[in-house]
Amino acid sequence: MELYPFELMTRTIDQVDVANRRIFLRADFNVPQDENGRVTDDRRIRLTLPTIESILERGGSLVLASHLGRPEGKGHEAEFSLEPVARLLRSLSPRLKSLKLIGTRCTDAEVLKAVTNLEPGQVVLLENLRFEKGEKRGDVALAAVLAKYADGYCNDAFGASHRGDASLLALPLLMRGQGKPCVAGKLLEREIKYLKGVLESPKRPFVAVVGGAKVSDKLAALRNLCGRVDTILVGGAMAYTFLKALGTPVGRSLVQDQMLEEALSILKLAKEKSTAIELPSDHLCGQSLVEGTVTRVVEGSIPPDWMGLDIGPATIARFSEVLQGAKTILWNGPVGAFETAPFHTGTFALVKAVIVATAQGATSVAGGGDTASAVEIAGGASGFSHISTGGGASLEMLEGKEFASLNALDRAEVVGYSDPRK
Ligand code: AMP
């Protein structure tokens, strides 16, 4: 079902004949792991499967590539190897059972040999792209090595797509110059359709929930939302910077004192652009941010020894009411310190309100690493229309930024590429 009259301007993998073609698939397999190297959240990997399957079932072969963690380009480091990702991929789909992780670096001579011999339906995974110094630097020389591996390029790495790394920008630019198709994968397509779609053609009322620790992190997003959304519900620690700026005592709550002027200027901008900003009227306060700390609900001013760590019951009721009347909901940032009980209460209650609104026909999109995990922990993942796999990327999209890596892909209307095999 198409939710928005929003057209993706980028050519997609479904629009390319991949039979007997080797496709370089830049994925975002940058997933969290526990101390034993086990992947603790495999969403990014699972959500890339539709693109992988679509290429393989149409007779293409795949060169999969990703970064993982933050190695500094000093060659292979076992701690950052993609081996755990390879193991997981093999277990997720019968088509990936014989997937091979090749080489210790993606530039090893053996990689070119292995990819040259790929048969339709076969898949290899390259080692961590960030083992190469050139990856973070956006190096054309690295892109030139990678470009030899495939006849086409597909970007499905939404979580990294706000970056200008070699595999994300120089590589598609180079491959397009070689007449090879460079397209968006299905996950990337879904992310852009939802995140840009809600911003550009929302059904109204359009409500945003913005929370998290710092106003400074969300400044550009808040400004971009003013005039686009009808109401912004502000929660989390950032609410205390707004409240302090307005003269309300906030006790020992987390405040960015250097952002007080900025907070006032956002309130002014919202007013000018007819966006209502709602701040919490009551708070669940604690004396420290530890589980089991003494808590109390405070209305209005917070006494000197107390910290606001979650929205209070009256605010939960008010925000839930606004959310349940919404037709489009965008959420970035938890409204409390949800990792520490009982300060998860507000965030979890709002997750429930969004699920109800979604069941009644609203479109709901959650973005940002913390928000996605809060929604999952609250059991809301399947009740939202879309939960973004991007943290920084989804925030930058809310800020209205252009992504060079997406602009580097083929335009949707461009057809008739020369087939490099002929
Ligand atoms: P962000 O990454 O900016 O979305 O911030 C998320 C973090 O903000 C989470 O780790 C929350 O625990 C934290 N947070 C949210 N509300 C509060 C609060 N009232 N006081 C302290 N930390 C908070």
Side-chain angles (χ1 to χ4, degrees), residues 32 41 159 162 195 208-225 232-245 248-259 262-263 266 278-303 305-316 319 330-351 365-378 387-399:
D41 179 358
H162 56 315
L195 285 162
V209 181
V210 183
K214 295 179 179 171
V215 174
S216 54
D217 291 345
K218 309 273 162 81
L219 200 65
L222 282 166
R223 287 191 171 277
N224 191 41
L225 290 174
I232 303 177
L233 304 174
V234 177
M238 76 156 70
Y240 301 109
T241 300
F242 280 97
L243 288 168
K244 184 168 179 183
T248 305
V250 294
R252 285 177 31 245
S253 307
L254 200 60
V255 165
Q256 282 186 291
D257 280 312
Q258 73 284 16
M259 297 303 291
E262 195 61 59
I266 289 171
E278 294 208 18
L279 298 170
S281 61
D282 65 343
H283 318 275
L284 183 60
C285 294
Q287 286 191 320
S288 59
L289 182 48
V290 289
E291 202 157 328
T293 188
V294 185
T295 63
R296 63 182 273 205
V297 172
V298 172
E299 267 178 58
S301 309
I302 298 176
D305 281 350
W306 293 82
M307 302 163 82
L309 292 167
D310 194 9
I311 55 175
T315 307
I316 291 177
F319 283 11
L330 197 55
W331 186 342
N332 193 300
V335 295
F338 76 98
E339 301 95 334
T340 311
F343 307 111
H344 63 286
T345 312
T347 299
F348 282 25
L350 296 195
V351 167
V365 180
D370 276 322
T371 317
S373 65
V375 172
E376 291 231 359
I377 298 166
I387 297 177
S388 177
T389 54
S394 68
L395 192 59
E396 288 198 17
M397 202 148 264
L398 295 191
E399 291 169 4

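Indexing begins at 1, ligand by ligand and atom by atom, following the structure's order. Note that these values count all heavy atoms, side chains included, but never hydrogens, waters or copies made by symmetry. Note that the structure is a prediction, hence the values are computed from the model and not measured.
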How close does the nearest protein non-hydrogen atom get to atom 6 (C) of ligand 1, and which residue and atom is it?
Asp370 OD2, 3.1 Å
A student checking ligand 1 against Pro334 at a 4.0 Å heavy-atom cut-off should list atoms 4 (O), 6 (C)
Compute the shortest N/O to N/O distance between Lys214 and ligand 1 and return yes if it is under 3.5 Å, no if not.
no
Please list, chain by chain and in numerical order, all residues satisfying ring-ring contact (aromatic ring centres under 6.0 Å, His included) with His344, sequence neighbours excluded.
Phe348
Ligand 1 to Tyr240, heavy atom cutoff 4.0 Å, flagged ligand atoms 19 (N)
4.0 Å heavy-atom contact, Met307 with ligand 1:
no
Determine, step by step, whether Leu398 and Asn224 satisfy the side chain to side chain contact (heavy atoms under 4.5 Å, CB included) criterion, reporting the C-alpha distance in whole Å, the side-chain angles of both residues, the deciding distance to 0.1 Å, and the verdict.
CA-CA 7 Å; Leu398 295 191; Asn224 191 41; 5.5 Å; no
Polar contact flag for Asp310 and ligand 1 (N/O pairs, less than 3.5 Å):
no
Closest to atom 4 (O) of ligand 1 among protein heavy atoms sits Lys218 NZ, 3.1 Å
Is any side-chain heavy atom of Arg252 closer than 4.5 Å to one of Trp306?
no
Please write down residue, atom name and distance for the protein heavy atom closest to atom 3 (O) of ligand 1.
Ala213 N, 3.2 Å
Checking a contact table here: which protein heavy atom is nearest atom 22 (N) of ligand 1, and how many Å away?
Ala337 CB, 4.1 Å
Start with the C-alpha gap between Lys218 and Leu395, add the side-chain angles, then the distance that decides, and say whether side chain to side chain contact (heavy atoms under 4.5 Å, CB included) holds.
CA-CA 8 Å; Lys218 309 273 162 81; Leu395 192 59; 3.9 Å; yes
As a test of understanding, state which of Val215, Ile232, Val335 forms a side-chain contact (heavy atoms from CB on, under 4.5 Å) with Val210.
Ile232
I need the nearest protein heavy-atom contact for atom 15 (C) of ligand 1: residue, atom name and distance, please.
Gly336 O, 3.1 Å
Interfacing atoms of ligand 1 (cut-off 4.0 Å, heavy-atom, Leu309):
19 (N), 20 (N)
Assess whether side chain to side chain contact (heavy atoms under 4.5 Å, CB included) is satisfied between Leu225 and Leu330, documenting all intermediate values.
CA-CA 10 Å; Leu225 290 174; Leu330 197 55; 4.0 Å; yes
Of all the heavy-atom pairs spanning Leu243 and His283, show the shortest one and how long it is.
CD1-CE1, 3.6 Å
Atom 17 (C) of ligand 1 [closest protein heavy-atom partner, distance rounded to 0.1 Å]:
Ala237 N, 3.4 Å
What part of Glu339, side chain from CB on, backbone N/CA/C/O, both or neither, has a heavy atom under 4.0 Å from ligand 1?
side chain
From the list Leu222, Leu219, Thr241, side-chain contact (heavy atoms from CB on, under 4.5 Å) partner of Glu262 resolves to Leu219
With a 4.0 Å cut-off on heavy atoms, is Gly308 in contact with ligand 1?
yes
Has the side chain of Ser394 got a donor or acceptor atom that lies under 3.5 Å from a matching backbone atom of Gly390?
yes
Is there any N or O on Gly211 that sits under 3.5 Å from an N or O of ligand 1?
no
Using the side chain to side chain contact (heavy atoms under 4.5 Å, CB included) rule, take Phe319 and Val209 through it: C-alpha gap first, then chi angles, then the decisive distance, then the call.
CA-CA 9 Å; Phe319 283 11; Val209 181; 5.8 Å; no
